[in-house]
Structures are given as C-alpha cells and as structure tokens.
Amino acid sequence: MILGSSPTLPHASHPARPGPARPDRAAALAGSTRQLLRGTFRPNPAPCSAKGTAKDPFQLSNPRFSSSSNSSTSSSSSVTRVLQPLRAASLEQGVTAPLPPRPQGPTDTVLELWQAADAVVFDVDSTITRDDTLDSLGKFMGLKDEVLRHEAMDGTMNLPDTMAERLAIMNCSPEDIQQFLLEHPPKERLVPGVEELVSALRTRGKEVFLTGGFREVVLPIAEHLGIPAKNVFANSMSWELDDKGQPVRLKEFDMTHPATHSQGKPQALARIRRQYPYNNVVMIGDGISDLEAVNTTGGADLFIHYGGVAEHPQVASRSDWFVRSFDELMRCLKRYKVVMIGSGAWACAAVRMVAQSTAEASRSPASSFVKDVTMWVHEEKHSGRNLTEYINEHHDNPIYLPGVSLGENVVANNNLIDAARDADLLIFCAPHQFMHGICKQLAAARVVKRDAKAISLTKGMRVRAEGPQLISQMISRILGIDCSVLMGANIAADIGREELSEAVVAYSSRDAGILWQQLFQRPYFAINLLPDVPGAEISGTLKNIVAVGAGIGDGLGIGSNSKATILRQGLSEMRKFCKNLYPSVRDDTFFESCGVADVIASSYGGRNRRVSEAWCKRRMSGDTQITFDDLEREMLNGQKLQGVLTSDEVQEILIERGWELDFPLFTTIHRIIHGEVSPDMILRFREAVSMKSLK
C-alpha cells in the first residue's frame with residue numbers, strides 16, 4: 001500500500017461519445033441517492049395510461065427480453081439494445097412510478113450477456129466486502145454509527161461534502177489505516193463466494209475491475225483477489241505532512257476523482273470502455289450509483305444487483321438480475337464443451353489428460369468445462385465389434401493405446417459432424433494428410449460455432465502452389481475460428497503411463513492459451529505458454545524428418561558422437577527453415593519442448609525413428625524391395641508414419657525455392673528415402689546433398 005498516492009485513471013485517446021442530456025433525471029438521482037440507500041425514499045404517484053393503469057416498462061411485451069427467447073440466435077449487442085431502453089425507461093420513471101417486480105432470475109438474454117462478458121466491474125462496499133469501508137474504519141476509530149451517519153449523512157450535504165465530513169469526523173492517521181488493515185485483513189472482510197467468482201472469471205479470460213472506496217483500503221483487497229492495481233478505480237487520501245515530510249494526518253481527498261461525485265460510476269465505466277475494446281461489460285453492485293452506470297452512453301451493458309449484504313428494493317426492482325449469493329452467478333458461468341477430433345495413440349493420450357482435467361473441474365462450481373469429453377473415432381473393427389462400442393464400454397482404445405484407461409467421461413462417436421456439434425473447444429489430432437478433408441466436412445455441415453476455439457496437436461503441413469500452409473492456418477481459414485497449437489516431446493505411450501512430460505501451447509490469443517493450459521496441464525504434464533504459433537508448429541513438424549535421420553543412423557549402428565551430430569544439424573536446419581518462412585519466429589522457441597526436447601525424444605523413441613531403423617537394417621542387409629509403406633503396415637498397427645511424408649513436402653518447398661544445398665541434412669534424408677544415395681551417406685550428408693543419384 002502506498003499512502004498519499006494519487007489515483008490515475010485511464011486516459012482515452014479520443015473523447016467519450018456524448019450521450020443524451022438528462023438534467024432532470026441526474027438531479028433527481030443525485031438528490032435521492034442517500035434516501036434510496038437508507039430506504040426512506042418515497043416515490044410520487046405514478047402517471048397512468050389511458051386505461052388508468054400504471055405504466056411498467058419492464059412489463060413490455062418483447063420476445064427478446066422474455067425467458068423463452070432463443071438466445072442462440074441473438075448477438076450480445078442486440079441484447080444490450082433491448083435491455084438498455086427498458087432499463088432507461090424504468091429509471092426515468094423511477095422517481096414517480098411504482099416499483100416493478102424484482103427479477104426472479106436471468107432471462108435468456110441476460111444470461112447470454114453474463115456469459116459473453118469481456119469485463120466485470122464490481123462495486124466494493126457491500127458487494128465485494130461485507131461492510132461499508134468508511135463505516136468499518138469509523139468503528140475502528142471508536143466512533144458510533146449514529147455519529148457517522150447523522151452528522152454526515154443527514155441528507156443535507158452533497159456527496160463530496162458527505163465524504164469530507166465523514167473523514168474529518170474520523171480524523172485518522174496513516175498509522176491508523178495500517179493498523180486497521182492489519183486487524184481487518186482482506187480475507188476476513190470479503191463476502192462469501194466472491195474469491196471463487198473472481199477466480200472463475202479470471203480463468204475464463206475476463207477482466208475484473210473494482211470501483212468505489214479509497215485506494216489505501218481497496219488495493220490490499222484487489223491484491224488478495226489477484227486484480228491488478230490498474231483495474232482499481234477508487235479515490236485517494238491526501239495527508240498533512242510534518243516538518244520531515246512524513247504523513248501525519250488526513251488532510252483531504254482527490255476532489256477531481258469521479259468517485260467523489262454523483263455519476264462517478266458511469267464516468268469510471270466510460271473511461272474503462274474508452275481505453276479497452278470490450279464488447280460487453282457487466283456491472284455488479286448494490287446501490288443506485290451502480291445502477292446509474294448501466295444507463296449512460298459508454299456504460300455497462302448489464303446490471304446485476306447483489307443483495308447478499310443489503311437489499312435495496314428500489315435498486316433491485318430495476319436491475320437486470322437480482323442475486324443474494326455469488327454462487328448463483330458461478331452456476332451460470334459458461335462451461336466449455338470439449339471435443340477431440342482423432343483417436344490415434346497421441347489423441348488417446350491427450351484426451352485422457354483432458355478428461356482428467358474436466359472430471360476434476362466438474363467437482364467445483366467454478367468449473368470452466370463440461371465433464372464429458374466427446375472423441376471422434378474413425379470406425380474400425382476390434383474383435384468383431386465396432387471400435388466406438390468397445391471404447392464406450394471398456395474406456396480404452398485397444399488398437400492404438402492398449403491398456404491405458406481414457407476415462408469414463410470420454411464418449412466415442414464415429415460421426416464427425418455429430419461429434420463436433422455444439423463444441424466450444426475443438427482439439428484436432430488426426431494425421432495431417434487427412435486434416436484438409438476433415439475441415440472441409442465440418443465447414444460444409446456448418447456445425448462449428450462462431451465463437452469456438454481450436455487447438456492442433458497435428459504435426460505436418462500442406463504444400464500448395466502458393467506456398468506451405470500450416471495445419472493451424474488451415475483450421476483458422478476453413479472454419480473461421482482461432483487456433484492454437486500444442487507441441488512438445490510427447491511420446492504417447494510414455495504420457496499414457498503418466499511419465500514426466502511437457503509441451504508448449506503456442507497461441508495468437510493469450511486468453512485462449514490460458515484456457516488450453518488449464519485443460520491440458522496435469523501434475524505429470526507441464527504446459528508452457530508461447531506466443532509463437534509458426535515457430536512451435538513448424539518445429540513439431542520438422543523434427544519428424546530429423547527422427548527419420550536418427551533412425552537411419554541407428555540402423556547403421558552409429559555411436560553417440562555421430563547421432564549427436566545428426567541431431568544438432570537437424571535442429572539447426574529446423575531453425576533456418578522456420579526463419580526463412582517466418583522471420584518473426586523467436587529464437588527461444590527452439591529451446592522449448594517443441595524444439596530441442598522434441599528432437600531428442602523423437603530421435604530416441606517414437607515410431608519415425610523405430611521404423612526408419614528397421615528400414616535401414618533391411619536395406620543394408622540387401623533387401624532393396626522393402627519400403628516404408630510396407631513397414632508402416634507391418635509395425636504401426638494402423639498408425640501413420642509422418643516423417644517420410646513430411647520429408648517429401650519439405651523437399652518440394654526446398655526445390656521450389658532453390659534451398660536444397662542450404663539444407664544438406666534434410667536433402668540427404670530425402671535422397672536416402674527415395675534410393676538416390678545409400679543409407680550410409682547419412683554420415684556424409686554434406687557431400688551426399690550434391691552427389692549423383694544412384695537411380
């Protein structure tokens with residue numbers, strides 16, 4: 001806590017959009033605020049319609065505002081356009097009209113706005129905390145409630161004078177503030193459930209702000225909740241200094257701060273919206289000033305009245321949603337449906353981790369995920385039965401990852417379109433040569449939600465005349481959604497046994513990266529975040545070529561020095577290839593799990609190394625007819641060998657751009673695969689790159 005600091009509010013690069021002038025309403029609200037909060041306000045008789053009945057704007061017939069409305073067909077902006085006019089009409093008549101009934105629960109439109117919120121703004125006193133901060137501070141200073149309220153809140157003072165008078169009555173010092181914070185730490189002052197709600201919001205990538213009170217007292221609360229100081233909109237105390245420049249007595253507070261005046265909350269909301277490009281902002285509070293914040297241009301889109309500490313009927317009846325417990329808001333947060341596209345060894349190991357995370361999370365009301373995870377399975381037969389039936393009964397995949405339980409909450413589905421329907425999070429883990437067709441099917445069926453997120457675990461690329469296309473780029477372009485990638489040193493069988501492993505989630509959107517990290521991270525599987533999608537994805541693709549080279553070396557029986565040379569050269573060419581295609585690729589990417597670690601793991605384990613070793617031994621023994629396709633069928637039990645196909649695709653790019661001699665290891669591996677040079681030329685790859693073909 002920094003005493004005497006001045007609050008700083010975000011400065012917009014452009015002025016606020018002017019809203020309609022409402023001088024009568026503003027004056028009425030300013031004059032009645034204290035009466036409303038004390039429950040002594042009495043509205044005037046309401047004007048009647050031609051039929052003699054009171055006008056009640058919340059009873060307007062509007063299918064967009066009814067609980068039976070179809071939220072799936074509406075956008076958040078259109079929802080806001082419905083709520084604000086209704087709320088505005090009610091508030092305009094609030095001084096004269098009978099109270100409309102308090103909302104009994106969220107309508108579909110309100111629920112949609114809550115789930116789609118980009119930011120949530122909390123009032124502090126009696127919403128975040130169990131009390132009014134100045135009341136608690138006054139009690140700590142030995143003052144009675146009636147002194148604080150009757151002398152300073154008798155309704156004859158405006159808001160700045162009221163605050164000044166209350167602080168003057170308390171006459172506290174910096175030491176008093178510090179002692180108050182020691183004796184009343186944030187955790188003891190918080191409303192039940194607010195910590196869990198703030199945590200759940202932040203894990204979903206939603207920004208959380210606090211408004212009201214004084215920074216000296218609010219900042220420790222924000223720190224406890226994990227809310228950055230820049231997201232706190234509160235006043236600051238100024239202190240009288242002694243001869244040594246030390247603060248000794250409270251002098252005044254910042255009269256220019258919006259929180260000092262009526263309409264302060266709307267001003268704070270407007271500044272937040274001018275600085276940050278939020279589509280939807282929710283205000284949660286208990287008072288009329290919080291309600292004001294949603295009925296101004298540039299204000300919030302939704303007002304939730306929290307009545308768990310104090311319920312104010314005049315505010316509750318005009319809110320969009322009334323709650324007495326934050327548990328209700330927790331239960332209504334969006335939960336993501338997760339779908340795995342693929343069922344090979346790596347897909348099964350990955351879906352097992354995901355299913356563990358969703359099952360654990362489902363036990364908490366703050367869960368971000370639906371418990372059950374759908375896995376699309378390319379239908380095959382096992383022991384005379386459909387593979388999907390076997391997986392759903394026994395919860396393991398006997399063909400690709402035998403003996404490893406996927407989890408009882410994994411549901412296999414052999415229909416791609418049905419599996420992907422209504423998915424919020426799509427995980428793609430199918431052989432890369434099939435990915436284009438999969439994406440085209442999904443796009444044609446129009447089952448992928450516009451706000452869905454994707455992540456690719458697939459290693460490979462698509463070569464086109466106009467240049468290479470990464471799998472993540474393909475997914476984003478065809479399906480129109482954000483796509484991250486997960487890459488790393490990941491041998492499926494090892495992860496299935498829960499051996500220590502790690503990976504990176506490379507992202508374009510950090511919020512998406514955090515969400516994927518929550519889903520995949522396990523005690524045995526660490527996830528690092530990396531803002532370098534091309535670097536991570538190309539590294540994960542190219543390491544398969546290096547693994548083929550390492551397997552050929554193993555087939556020759558080479559020693560550690562030679563193998564280390566192949567791996568080092570492979571990593572160097574991976575980096576050069578990435579940089580040539582994407583100059584923005586980060587150097588530190590190659591030191592992550594998707595770089596050097598993946599090269600090592602794949603070159604000592606994994607199917608590319610294993611099949612390449614067997615191929616080399618057969619070739620060196622004189623079997624010139626053996627092919628990689630033969631060994632794929634013989635050794636991989638239906639899995640696909642990615643290294644050879646990737647080598648062909650990369651070589652096509654090298655030839656097109658005239659880079660063959662710049663990548664001697666990649667070129668030599670390709671020539672060995674296709675019989676242009678003998679396998680033992682892997683040990684002389686710098687010469688082999690330009691040797692005459694044996695064919």
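One is the number of the first residue; the rest follow in order along the sequence.
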S.K.: Less than 3.5 Å apart, any donor N or O on the side chain of Gln469 or His436 sitting next to an acceptor on the other?
M.R.: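 Note: Gln469 and His436 side chains miss the donor-acceptor criterion.
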S.K.: Any side-chain donor paired with an acceptor under 3.5 Å for Asp372 and Asn409?
M.R.: no
S.K.: Around Phe591, counting heavy atoms of other residues, nucleotides and ligands shown, do more than 12 lie under 6.0 Å from its CZ?
M.R.: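 Check fails, neighbour count at 12 or below.
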S.K.: Can you list the steps and then say if Asn413 with Asp418 is a side-chain hydrogen bond (donor to acceptor under 3.5 Å, both in side chains)?
M.R.: CA-CA 8 Å; Asn413 189 327; Asp418 286 346; 5.1 Å; no
S.K.: Would you mind reporting whether Glu573 and Pro664 have side-chain heavy atoms less than 4.5 Å apart?
M.R.: yes
S.K.: Quick check: are there more than 12 heavy atoms from other residues, nucleotides or ligands sitting under 6.0 Å from CD of Glu379?
M.R.: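 Yes, enclosed.
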S.K.: Count the heavy atoms belonging to other residues, nucleotides or ligands that lie under 6.0 Å from NZ of Lys371, then report whether that count exceeds 12.
M.R.: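 At most 12 heavy atoms, drawn from other residues, nucleotides or ligands, come within 6.0 Å of this atom.
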S.K.: Taking C-beta and beyond as the side chain, do Asp532 and Asp588 meet within less than 4.5 Å on heavy atoms?
M.R.: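 No, side chains not in contact.
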S.K.: Under 4.5 Å between any side-chain heavy atoms of Ser357 and Gln518, yes or no?
M.R.: no
S.K.: For a 4.5 angstrom cut-off between non-hydrogen side-chain atoms, does Val411 reach Val373?
M.R.: no
S.K.: Using a distance-only test with no angle check, is there a side-chain donor-acceptor pair under 3.5 angstrom linking His378 and Asn414?
M.R.: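 Side chains of His378 and Asn414: no pair found under 3.5 Å.
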S.K.: Between Gln356 and Glu498, is there a side-chain donor-acceptor contact under 3.5 Å, judged purely by atom types and distance?
M.R.: yes
S.K.: State which residue, out of Thr646, Asp598, Ile538, fulfils the side-chain contact (heavy atoms from CB on, under 4.5 Å) condition with Lys459.
M.R.: Asp598
S.K.: Answer whether the closest heavy-atom distance between the side chains of Leu515 and Phe369 falls below 4.5 Å.
M.R.: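 Yes, their side chains come closer than 4.5 Å.
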S.K.: Taking atom types as modelled, is there a side-chain donor on Glu502 or Tyr524 under 3.5 Å from an acceptor on the other?
M.R.: no
S.K.: Report yes if some heavy atom in the side chain of Tyr336 is under 4.5 Å from a heavy atom in the side chain of Val370; otherwise report no.
M.R.: no
S.K.: Do Lys206 and Tyr278 meet the cation-pi criteria used here (NZ or CZ under 6.0 Å from the six-membered ring centre, within 45° of the axis)?
M.R.: no
S.K.: Could you tell me whether the side chain of Glu660 reaches within less than 4.5 Å of the side chain of Ile655, counting heavy atoms only?
M.R.: yes
S.K.: How far apart are the C-alpha atoms of Tyr276 and Arg273, what are their side-chain angles, what is the distance that settles it, and do they pass the side-chain hydrogen bond (donor to acceptor under 3.5 Å, both in side chains) test?
M.R.: CA-CA 5 Å; Tyr276 302 102; Arg273 299 204 77 149; over 6 Å; no
S.K.: Do the side-chain N and O atoms of Asp629 and Thr627 include a donor-acceptor pair separated by under 3.5 angstrom?
M.R.: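 Asp629 vs Thr627: no donor-acceptor pair found between side chains.
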S.K.: Is the closest side-chain heavy-atom distance between Pro402 and Asn397 below 4.5 Å?
M.R.: no
S.K.: Does CG in Asn561 sit with more than 12 non-hydrogen atoms of other residues, nucleotides or ligands closer than 6.0 Å?
M.R.: no
